[in-house]
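The next block holds one structure in the form of structure tokens; read it before the comments.
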Amino acid sequence: MPLGRAAALLGSVGARLLDVVYPPVCLVCRRAVASHGALCPRCWGEMGFIEQPYCERLGTPFDRDFGPGMISLEAAADPPAFARARAVVRYDSDRARSLAHRLKYYDRSELAEPLGRWMARAGAELLSDADLLVPVPLHRMRLLSRRFNQSAALAHVISRESAVPVEALTLERVKPTPPQVGLTRGQRAANMQGAFRLREEKRQEIEGRNIVLVDDVLTSGATVNAAARVLLRARAARVDVLVYARVVGQS
């Protein structure tokens, strides 16, 4: 038997054994499903997936279709530093939010796999001509307490799905910003001033390149705007943003 066919057969047998020992369950509610990393029909219907029509700049969903290339009043009044943002789901969905929290706060690093695959599909437009993925970094003290950077974990899955290389050490978070929860948009922006720095040895990798910033959740945009400005000052050709979930209607 050819080596490749034998490896495929062993992989298939291994997958069947895994299903016997650990039957596949819904990522959210733990009901039985057909395959690992899937959602049951009920949870799928309540995830709040973002689909067109949406703002070309911010990726926020529109209530009705205004035609291609339309931007929201928010994007027109206060344009972001980045060119475009795309997200998989609305953060106000309880089911979508629960997955984000489990990945970020409860050491459920295995969730990066399905969430990253969804992000690669939602961000296909951004990834089609991207040169590099750059995950939003954590401050070293936050990284020690959490033990892994969820944005970097997502970026590595997206890289595998899209063939766009990832460079997790491009940006450094030099300011230990306090939690943003409960802050206004202006307070969040002030909180993030000076939070990121480009590692000097990575400067040549950024200049003239199309960069996709990867993060887990986009709220007011303060974090990704601050990171995008650092990359643009390093002469990146364009900076887009790809996240798992985004808050809609943030004040």
Side-chain angles (χ1 to χ4, degrees), residues 50 55 57-60 72 74-75 78-92 96-97 99-101 103-105 112 115-116 119 122-123 126 130 132-146 148-156 158 166-199 202 206 211-234 236 238-251:
I50 295 176
C55 170
R57 292 295 302 276
L58 300 178
T60 47
S72 60
E74 179 185 353
D78 186 17
F82 53 84
R84 299 169 295 177
R86 297 292 181 266
V88 178
V89 291
R90 299 172 59 119
Y91 192 66
D92 56 10
R97 187 168 58 251
L99 290 180
H101 283 188
L103 172 66
K104 189 169 187 173
Y105 301 117
L115 271 56
M119 290 170 69
L126 312 184
L132 195 66
L133 301 175
V134 174
V136 172
L138 294 176
H139 188 268
R140 60 182 180 276
M141 299 307 296
R142 189 74 57 83
L143 185 59
L144 283 173
S145 65
R146 287 195 188 159
F148 83 107
N149 179 358
Q150 70 280 356
S151 299
L154 292 167
H156 283 291
I158 296 166
V166 58
E167 180 48 73
L169 300 178
T170 298
L171 291 175
E172 182 181 11
R173 196 160 188 155
V174 295
K175 181 180 174 183
T177 52
Q180 302 269 67
V181 177
L183 300 182
T184 66
R185 181 182 294 272
Q187 289 170 331
R188 287 171 182 265
N191 198 25
M192 295 307 301
Q193 286 184 1
F196 299 105
R197 179 174 62 197
L198 181 74
R199 294 180 187 270
K202 302 295 183 181
I206 298 303
I211 309 297
V212 174
L213 270 173
V214 177
D215 207 358
D216 56 342
V217 177
L218 193 160
T219 305
S220 68
T223 298
V224 290
N225 268 318
R229 289 189 184 100
V230 172
L231 295 170
L232 290 168
R233 284 197 295 268
R238 188 182 69 229
V239 178
D240 293 318
V241 173
L242 180 56
V243 300
Y244 159 65
R246 70 154 302 130
V247 172
V248 176
Q250 173 71 25
S251 61

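Annotation: side chain to side chain donor-acceptor pair (under 3.5 Å) contacts of Lys104 (sequence neighbours excluded): none. Contacts of Pro137 classified as side-chain contact (heavy atoms from CB on, under 4.5 Å), with partners at least two apart in sequence or in another chain: Leu171, Arg173, Phe196. With sequence neighbours excluded, the residues forming a side-chain contact (heavy atoms from CB on, under 4.5 Å) with Ala155 are Pro135, Val166, Val214, listed by chain and number. For Ser151, the side chain to side chain donor-acceptor pair (under 3.5 Å) test picks out Asp215, with sequence neighbours left out. Remark: Glu172 engages Arg197 in a side chain to side chain donor-acceptor pair (under 3.5 Å) (not counting sequence neighbours).
Using a 4.5 Å heavy-atom cutoff, the side chains of Leu213 and Val239 are in contact. Counting heavy atoms from C-beta on, the side chains of Phe148 and Leu103 come closer than 4.5 Å. Looking only at side-chain heavy atoms (C-beta outward), Thr170 and Leu231 come within less than 4.5 Å of each other.
Sorted by first then second residue, the salt bridge (Lys or Arg N to Asp or Glu O under 4.0 Å) pairs that include residues 224-233, not counting sequence neighbours, number zero. Among residue pairs with one or both ends in residues 78-87, those qualifying as salt bridge (Lys or Arg N to Asp or Glu O under 4.0 Å) are Glu56-Arg86, Arg84-Glu125, Arg84-Asp240, Arg86-Glu125; sequence neighbours excluded.
Of all heavy-atom pairs spanning Asp216 and Gln150, the tightest one is OD2-NE2, 3.3 Å. The shortest heavy-atom contact between Gly116 and Ile158 is O-CG1, 3.5 Å.
With values rounded to the nearest 0.5 angstrom, Phe82 atom CZ is found 5.5 Å from Leu218 atom CG. Taking NE2 from His101 and OH from Tyr91, the interatomic distance works out to 2.5 Å, rounded to the nearest 0.5 Å.
Between the Arg97 side chain and the Arg90 main chain, no donor and acceptor come within less than 3.5 Å of each other. Although no hydrogens or angles enter the test, the distance criterion places no donor-acceptor pair under 3.5 Å between the side chain of Asn225 and the main chain of Ser220.
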For residues 241-248, run the donor-acceptor check on the side chains, cut-off 3.5 Å, and write out each pair with its distance to 0.1 Å, sequence neighbours left out.
residue: Tyr244; atom: OH; partner: Ala96; partner atom: O; Å: 2.9
residue: Arg246; atom: NH1; partner: Leu58; partner atom: O; Å: 2.6

Inset, instruction - Dump the intermediate steps for side-chain contact (heavy atoms from CB on, under 4.5 Å) on Ile211 and Ile206, then the final yes or no. - result: CA-CA 8 Å; Ile211 309 297; Ile206 298 303; 3.9 Å; yes
